[in-house]
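Report on the structure given below.
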Amino acid sequence: MDASLIISNFLNPPVLFFFLGMTAVLVKSDLEIPAPIPKLFSLYLLLAIGFKGGVELTKSGINQEVLFTLLAAMVMASLVPVYTYFILKIKLGVYDAAAIAATYGSISAVTFITASAFLTELGIDFDGFMVAALALMESPAIIVGLILVNLFTINDDREFAWSEVLREAFLNSSVFLLVGSLIIGALTGEHGEEVLAPFTQGLFYGVLTFFLLDMGIVAAKRIRELQKTGTFLISFAILIPILNAGLGILIARVIGMPQGDALLFSVLCASASYIAVPAAMRMTVPEANPSLYVSTALAVTFPFNIIVGIPLYLYGIELLWS
Amino acid sequence: MDASLIISNFLNPPVLFFFLGMTAVLVKSDLEIPAPIPKLFSLYLLLAIGFKGGVELTKSGINQEVLFTLLAAMVMASLVPVYTYFILKIKLGVYDAAAIAATYGSISAVTFITASAFLTELGIDFDGFMVAALALMESPAIIVGLILVNLFTINDDREFAWSEVLREAFLNSSVFLLVGSLIIGALTGEHGEEVLAPFTQGLFYGVLTFFLLDMGIVAAKRIRELQKTGTFLISFAILIPILNAGLGILIARVIGMPQGDALLFSVLCASASYIAVPAAMRMTVPEANPSLYVSTALAVTFPFNIIVGIPLYLYGIELLWS
Amino acid sequence: MDASLIISNFLNPPVLFFFLGMTAVLVKSDLEIPAPIPKLFSLYLLLAIGFKGGVELTKSGINQEVLFTLLAAMVMASLVPVYTYFILKIKLGVYDAAAIAATYGSISAVTFITASAFLTELGIDFDGFMVAALALMESPAIIVGLILVNLFTINDDREFAWSEVLREAFLNSSVFLLVGSLIIGALTGEHGEEVLAPFTQGLFYGVLTFFLLDMGIVAAKRIRELQKTGTFLISFAILIPILNAGLGILIARVIGMPQGDALLFSVLCASASYIAVPAAMRMTVPEANPSLYVSTALAVTFPFNIIVGIPLYLYGIELLWS
Amino acid sequence: MHLAKKVEIIANSFELGKILECLDKSGVHGYTVMRNVAGKGLFSGPQDLDFTMLDGIYIMAFCMPDQVKDVVGNVRPLLNKFGGACYISDVMEVRSTKCVASL
Amino acid sequence: MHLAKKVEIIANSFELGKILECLDKSGVHGYTVMRNVAGKGLFSGPQDLDFTMLDGIYIMAFCMPDQVKDVVGNVRPLLNKFGGACYISDVMEVRSTKCVASL
Amino acid sequence: MHLAKKVEIIANSFELGKILECLDKSGVHGYTVMRNVAGKGLFSGPQDLDFTMLDGIYIMAFCMPDQVKDVVGNVRPLLNKFGGACYISDVMEVRSTKCVASL
Ligand SMILES: Nc1ncnc2c1ncn2[C@@H]1O[C@H](COP(=O)(O)O)[C@@H](O)[C@H]1O
Ligand SMILES: Nc1ncnc2c1ncn2[C@@H]1O[C@H](COP(=O)(O)O)[C@@H](O)[C@H]1O
Ligand SMILES: Nc1ncnc2c1ncn2[C@@H]1O[C@H](COP(=O)(O)O)[C@@H](O)[C@H]1O
Ligand code: NA
Ligand code: NA
Ligand code: NA
């Protein structure tokens with residue numbers, strides 16, 4: 001069962017193109033997707049997934065189920081950085097531990113989107129409001145990470161403006177575009193969905209596939225840096241996602257999410273941010289070593305989730321729900 | 001009626017994403033659509049609208065109605081810069097007045113395209129040859145503007161080559177691509193339409209939406225500059241479009257255009273150029289202050305037309321035609 | 001018959017937009033498709049054609065017909081540079097002759113793709129494994145070209161690493177993406193085709209059209225350089241493709257290819273590389289003058305094949321097959 | 001032609017706003033910015049964070065020789081905090097006068 | 001290594017053709033162009049006209065010291081008319097010889 | 001502030017890897033790269049090969065005065081083979097100290 005899910009995931013075009021990208025780097029092909037094309041793809045994916053979520057949200061309305069899910073999302077986003085911080089402190093200093101913890105508390109939208117494409121292919125439904133959970137879980141970890149740094153360092157001259165930090169956390173381009181598209185989707189509803197369908201739905205799978213080709217290249221380029229990272233962090237980058245996903249699945253079971261939503265929620269818990277949080281950390285905790293938090297999230301956790309994690313978590317869910 | 005049109009316009013994805021873009025700048029989010037992606041979108045839109053217009057032109061053929069419309073377009077494009085010049089001279093010098101007048105005599109293709117998407121959504125037909133009117137109205141204002149400068153300044157050493165000016169006016173990339181696509185559309189007809197449909201039609205609405213997100217960002221960034229512009233120009237930038245649209249509607253009524261065409265024609269009259277004409281003016285009238293003619297056209301007139309103007313002019317047309 | 005094919009080819013949107021691009025340069029319009037948009041289009045086209053080929057390959061399986069075709073492809077790719085080298089040596093030095101010979105031994109994917117779109121429009125079938133032939137024919141000419149240089153020069157210090165040359169030949173981005181997409185297409189089969197269809201099939205014709213607009217601009221910019229090239233090379237750039245296509249058609253007839261495949265094969269033989277091979281030659285034979293091998297391939301052979309060659313070869317095939 | 005100084009700053013794009021403020025404060029009102037530069041410094045790995053959209057920027061400002069001290073004083077703390085590089089050199093300015101309405 | 005001069009010109013992209021002509025006329029046949037630079041000058045507002053596709057360009061030409069006078073004489077009128085900046089500095093050239101057929 | 005040297009190299013992008021290796025070998029570990037520059041040199045035609053994705057690159061490395069000789073020695077053979085240009089000039093470095101964990 002597990003293996004068949006992994007294989008069926010593996011034989012998806014997006015995952016295969018992700019591999020192709022990694023292979024390109026390994027065999028030293030000069031294949032590259034020049035900037036800003038990957039940016040175009042990621043903006044498109046955020047717009048499309050946000051818009052779709054908003055449309056579905058109008059259909060379902062806001063009920064208890066929605067509120068519970070969003071609450072669970074907030075809780076996990078605030079909790080994960082706290083306990084991962086203490087795990088990381090075993091081997092690392094305050095700055096690095098806090099920055100990595102923030103990275104793993106936050107989420108990766110691409111992993112979420114890949115999981116949603118996987119569900120669509122298997123014919124498993126999921127709710128539109130999960131996109132709201134995605135949006136909600138991106139920012140809190142940044143705040144928690146900074147609080148950790150402030151608590152555990154004697155820092156007389158850490159003089160960053162909180163207003164700037166909050167803006168970076170809640171108004172960075174991905175959160176902003178996602179939430180904005182969600183609201184617009186909710187406002188325009190089915191009519192909007194219809195007129196935008198060839199764009200936001202027709203192309204979705206193709207753009208995701210193309211984008212994962214680039215992500216494969218980017219992730220593989222980071223792999224070399226893992227040598228400096230050490231085994232502790234590499235194990236961390238595989239085991240913590242599994243732990244987080246497990247916790248997410250339990251919570252999902254407790255509040256009675258359907259299987260599709262549970263998978264997306266566990267994937268959110270399991271994924272780590274390699275864009276928004278690193279940017280915020282570089283700005284506010286320049287003492288932390290960026291190659292540690294970027295490389296683990298991008299070169300280990302991201303591929304792990306895309307290839308093994310998503311089908312694995314779904315397997316777990318199928319076991320627990322049946 | 002008016003209000004309901006405005007609201008129905010406002011709740012369109014393109015207009016909402018335009019707002020989202022403006023909001024991004026206001027709340028200082030770092031959302032941006034990096035160059036050259038907006039250029040890709042605008043080339044696509046010109047190609048698609050030109051091609052569509054050409055195909056329809058083959059279907060309808062060239063008849064009296066077409067000729068009258070194109071004649072009206074030429075007249076308005078030459079007349080508007082003249083009378084706006086004299087209005088502007090009340091407060092401004094010759095150079096600035098001529099440059100702004102040229103800007104308002106010309107057109108904004110994106111405003112036209114947004115209006116056509118609005119009509120499509122309301123189920124109101126319009127003719128393909130309106131795209132020819134669009135193409136025709138871009139250039140004359142540049143020539144008129146330069147004639148005004150030459151008439152009203154004693155300019156012994158204004159030594160620009162007219163050949164260069166004419167090339168800039170008639171062969172700048174947007175006019176060229178629009179007219180070229182129109183001709184190709186006319187040549188390939190329905191067969192061409194069929195093979196290109198998923199590209200030129202399927203994606204049209206989505207690309208327009210995405211592009212207006214960027215236009216919102218660009219327009220909002222310009223708003224700050226309006227402080228230096230003064231109330232005179234800001235009022236100008238709202239009232240003159242209404243006046244021009246009103247004149248356009250009257251002419252449309254006189255020559256008996258159907259409602260859809262009348263809206264597009266009034267929108268052409270009301271809109272101002274923020275690409276081709278500013279480029280030409282900067283080159284040929286470097287004495288004029290670019291921030292005056294770009295900011296009014298882009299930060300006032302463009303948003304006004306997109307949000308209020310289009311439904312307002314349609315309201316006027318519905319009143320007059322019924 | 002011939003003329004009607006040429007006209008029907010000429011009235012295709014892709015070919016017309018190619019002309020539009022050339023016209024833009026001739027009339028000095030400032031129309032341009034800024035980098036990296038053309039790169040995006042060409043990556044898309046390679047991905048889409050490779051994927052489609054892979055899917056079809058699974059359907060047809062690998063049989064004798066496939067093997068014969070691929071063998072013929074290999075033979076032509078190795079043979080063409082040899083005999084063109086000796087033709088070129090009549091007027092040129094070793095370095096230039098070898099570099100140009102390599103260019104004409106290799107292929108142009110865009111010409112192939114345009115030919116496949118032409119076949120699709122005429123309703124003529126072709127096999128998916130032709131994409132494999134396309135991939136196979138890109139690299140050998142590079143190797144043959146270098147062998148020629150090594151044979152005919154006394155080169156004590158030509159110290160390029162063969163490993164690097166082989167990587168450039170077989171792992172350059174276009175070969176890599178094409179082969180990778182082919183394999184993925186073969187792995188995911190019809191299921192993958194279905195989910196990617198709106199992206200890889202719906203947009204295909206439109207993107208090709210848009211891309212040929214850019215190719216027209218690029219080719220026309222090169223035309224000026226042809227003055228330095230001389231009549232010998234210009235005649236070469238028209239006659240050799242016809243000769244190569246003729247040979248290709250004969251071979252196709254001998255091994256019994258269907259008409260569609262025969263056209264694609266002859267187009268492969270007739271086309272010349274203006275990307276991969278020039279890059280490899282510049283790196284490994286810096287003594288050769290790049291403007292000779294790039295300009296002939298891009299400004300003469302490419303337009304010739306797109307406009308006249310494709311329908312001409314098809315005409316020949318129709319004559320021979322009937 | 002007369003003597004001027006060229007200030008070159010390489011930094012991460014998120015500092016752009018702050019650096020331009022510094023220049024302004026120091027009385028340097030002309031500058032040119034190039035985006036999407038990549039690099040390696042004393043502290044950053046190669047193309048570090050390249051994917052995180054924090055691309056490098058290169059700022060070039062030509063100014064009067066006596067403004068250099070102010071610029072350096074204002075920019076140095078920023079570079080100390082976030083990394084980056086700043087170099088000064090001598091140039092000759094070709095003066096131009098432009099006929100713009102806003103003059 | 002021997003002495004050479006570096007000419008740096010910042011201007012709007014629509015002047016590119018004319019500036020390159022100037023360089024050619026002055027006997028300077030080597031240059032490098034970077035596109036899409038943004039900036040602020042004495043006369044233009046920040047990122048002025050950024051949307052109008054008239055993006056800034058940066059031209060860099062290394063030349064013989066005795067060509068500088070010609071370049072300046074030819075380029076200055078252009079800058080006076082359309083805006084832009086031009087600076088000259090000293091550099092050492094690392095001579096290279098290339099084995100190209102066209103030599 | 002103290003004296004440093006600026007090394008500017010213009011070349012084709014496929015040589016980038018080799019040039020960076022040369023810099024590294026010469027002990028120069030800081031550099032900045034700009035891509036997609038176009039140009040014309042002694043040997044290449046205008047925008048030669050522009051379409052073939054072999055776009056120009058501009059490399060800028062600030063280094064110690066005594067490293068220049070090594071850099072030149074290492075880079076020159078590359079330029080001789082593939083074309084390109086290299087220039088050296090004087091700059092003043094604004095020293096910065098950065099608080100990064102990896103220090
Ligand atoms: N010596 C140098 N020469 C050229 N560029 C440098 C140098 N040092 C640093 N840089 C640039 O400044 C950026 C940040 O440097 P750093 O803060 O030292 O990591 C690097 O990515 C380089 O682009
Ligand atoms: N002092 C300066 N330092 C650097 N760049 C400048 C300077 N002055 C002007 N520029 C550049 O030249 C362009 C045109 O300048 P201007 O004509 O003075 O508005 C500006 O957008 C800047 O990119
Ligand atoms: N004198 C020069 N000034 C500025 N850039 C140059 C110069 N010579 C060469 N280049 C640049 O170096 C590239 C390769 O030069 P080359 O190998 O001489 O053809 C050209 O495309 C230019 O971008
Ligand atoms: Na997480
Ligand atoms: Na108008
Ligand atoms: Na060939």
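Everything numeric here is computed off the predicted structure, so don't read it as measured data.
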Exercise. What do the steps show when you test C/F129 against C/S60 for side-chain contact (heavy atoms from CB on, under 4.5 Å), and what is the final call?
Worked result: CA-CA 8 Å; C/F129 57 73; C/S60 72; 4.3 Å; yes

Check: Quick one: does C/M22's side chain get under 4.5 Å of C/I223's, heavy atoms only?
Finding: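 Side chain of C/M22 against side chain of C/I223, heavy atoms only: contact under 4.5 Å found.
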
Check your understanding: Is the closest side-chain heavy-atom distance between B/F204 and B/Y44 below 4.5 Å?
Key ->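 Of all side-chain heavy-atom pairs linking B/Y44 with B/F204, at least one is under 4.5 Å.
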
Show the atom names and distances, to 0.1 Å, of all donor-acceptor pairs under 3.5 Å that link a side chain in residues 174-182 of chain B to residues at least two apart or in another chain.
unit_1 : atom_1 : unit_2 : atom_2 : d
B/S174 : OG     : B/E138 : OE2    : 3.1
B/S174 : OG     : B/N172 : OD1    : 3.0
B/S181 : OG     : B/L177 : O      : 2.7

Exercise. Between B/N289 and B/Y95, is any side-chain donor less than 3.5 angstrom from a side-chain acceptor?
Worked result: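 On atom types as modelled, these side chains do not qualify, holding no pair under 3.5 Å.
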
Considering only heavy atoms, which portion of [X] lies under 4.5 Å from any heavy atom of chain B: side chain, backbone, both, or neither?
X	result
C/F41	side chain
C/A35	backbone
C/T120	neither
C/F19	neither
C/L16	both

**Request:** Give a yes or no on whether the ring-centroid distance for C/F118 and C/F126 is below 6.0 angstrom.
**Result:**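 Not close enough - the centres of the two rings lie 6.0 Å or further apart.
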
Subject >> Check: B/Y274 ring centroid to B/Y293 ring centroid under 6.0 Å >> reply: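 No, they do not, as the ring centres are separated by 6.0 Å or more.
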
### Query
Would you find a donor on one side and an acceptor on the other, under 3.5 Å apart, between the side chain of B/T58 and the backbone of B/V55?
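Answer holds: yes.
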
ask   = Can you check side-chain contact (heavy atoms from CB on, under 4.5 Å) on C/S116 and C/I49, steps first, answer last?
value = CA-CA 9 Å; C/S116 74; C/I49 195 94; 4.0 Å; yes

Listed by residue number, which members of residues 186-203 of chain C have a heavy atom under 4.5 Å from any heavy atom of chain B?
->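 Expected list: C/G202, C/L203.
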
Which atoms of B/F170 approach chain C - backbone, side chain, both or neither, heavy atom under 4.5 Å:
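Neither part; nothing is under 4.5 Å.
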
request  = Check whether B/L47 gets within reach of chain C through its side chain, its backbone, both or neither, counting any heavy atom under 4.5 Å.
outcome  =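 Only the side chain of B/L47 comes within 4.5 Å of chain C.
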
- [ ] Check C/I307, C/I310, C/L119 against C/T114 for a side-chain contact (heavy atoms from CB on, under 4.5 Å) and give me the one that passes.
- [x]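 With C/T114 as partner, C/I307, C/I310, C/L119 yield a single side-chain contact (heavy atoms from CB on, under 4.5 Å), made by C/I310.
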
Exercise. So which of C/L213, C/D30, C/N12 has the biggest tally of heavy-atom pairs under 4.5 Å with chain B?
Worked result: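 Looking at each of C/L213, C/D30, C/N12 in turn, C/D30 comes out on top.
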
